[in-house]
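Notes follow the structure.
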Amino acid sequence: MNYWLIKSEPDTYSWDDFVKEGKSMWDGVRNHTARLNMMAMKEGDLALFYHSNEGKEIVGLAKVVKEHYPDPTADDPRWVVVNFVPVEKFPKPVTLKQIKADKRFEDMALVRLSRLSVGPVKPMEFDFIMQLAHD
DNA sequence: GCCAACGTTGGC
DNA sequence: GCCAACGTTGGC
């Protein structure tokens, strides 16, 4: 089981939109590093759902229900999508500010590669986030 | 609105 | 194949 973090601008696609749809095809990723991460995702992997730009906080948890397949919105068939379903909305969203202030997250991809839209999360980091999101 | 980080493009 | 110029993303 691996853990991930996926970013979305809430103006474009928010957590509420995601819940309303019940399922999401994560399309539009046009970055090679992000693509590699998507291709490494397995069914059942968990992903933190982050609101970039507006909010700048991790708002909930999603689960991979379908592994990578070609992105129907792309000209080039090498771009891929993954399907997610919502698992849980966090009672206490974890803000980027909190994460940056906490030494346990200093090596986190979210902090070090701020522009990466789909990044890995270490099991320890995932556990800490889950604690912050629920206490 | 600015700027840093990063990716892409195009001239050489 | 290098690198400068430019565009985009995302935090502040």
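First the proteins, then the strands, lettered A, B, ... as listed; each starts at 1. The structure displayed is predicted, hence computed values, not measured ones.
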Would you mind reading off the distance between A/His51 atom NE2 and C/dG11 atom C1', rounded to a whole angstrom?
17 Å

Rounded to the nearest Å, what distance is computed from the CG atom of residue A/Leu110 to the P atom of nucleotide B/dA5?
16 Å

Please check if any side-chain donor atom of A/Asp16 sits under 3.5 Å from a side-chain acceptor atom of A/Ser14, or the reverse.
no

Any residue meeting salt bridge (Lys or Arg N to Asp or Glu O under 4.0 Å) with A/Lys92, in chain and number order, not counting sequence neighbours
A/Asp135

Atom CZ of A/Arg30 and atom C1' of B/dC6 are separated, to the nearest Å, by 18 Å

So if I take every side-chain heavy atom of A/Ser117 and compare against C/dG11, C/dG10, B/dG7, which nucleotide ends up nearest?
C/dG10

From CH2 of A/Trp79 across to C1' of B/dG7 the rounded distance in Å is 10 Å

Can you confirm whether the side chains of A/Trp4 and A/Asp45 place a donor and an acceptor under 3.5 Å from each other?
yes

A/Arg115 side chain to A/Thr33 side chain, donor-acceptor N/O pair below 3.5 angstrom:
no

In whole angstrom, what separates A/Asn31's CG from B/dC6's C1'?
9 Å

Distance test, side-chain N/O of A/Lys100 to OP1/OP2 of C/dC12, below 4.0 Å:
yes

Let me know the distance between CG of A/Leu113 and P of C/dT8, rounded to the nearest Å.
21 Å

Among C/dG11, C/dG10, B/dT8, the one nearest A/Arg115 by side-chain distance
C/dG10

Figure out the CZ/P separation between A/Arg112 and B/dC6, and round it to whole Å.
10 Å

Answer with base, sugar-phosphate or nothing: what part of the nucleic acid does A/Leu96 contact at a heavy-atom distance below 4.0 Å?
sugar-phosphate

Verify the contact: side-chain N or O of A/His32 to OP1 or OP2 of B/dT8, cut-off strictly under 4.0 Å; return yes or no.
yes

Whole-Å distance, A/Glu57 CD to C/dC12 P, equals 13 Å

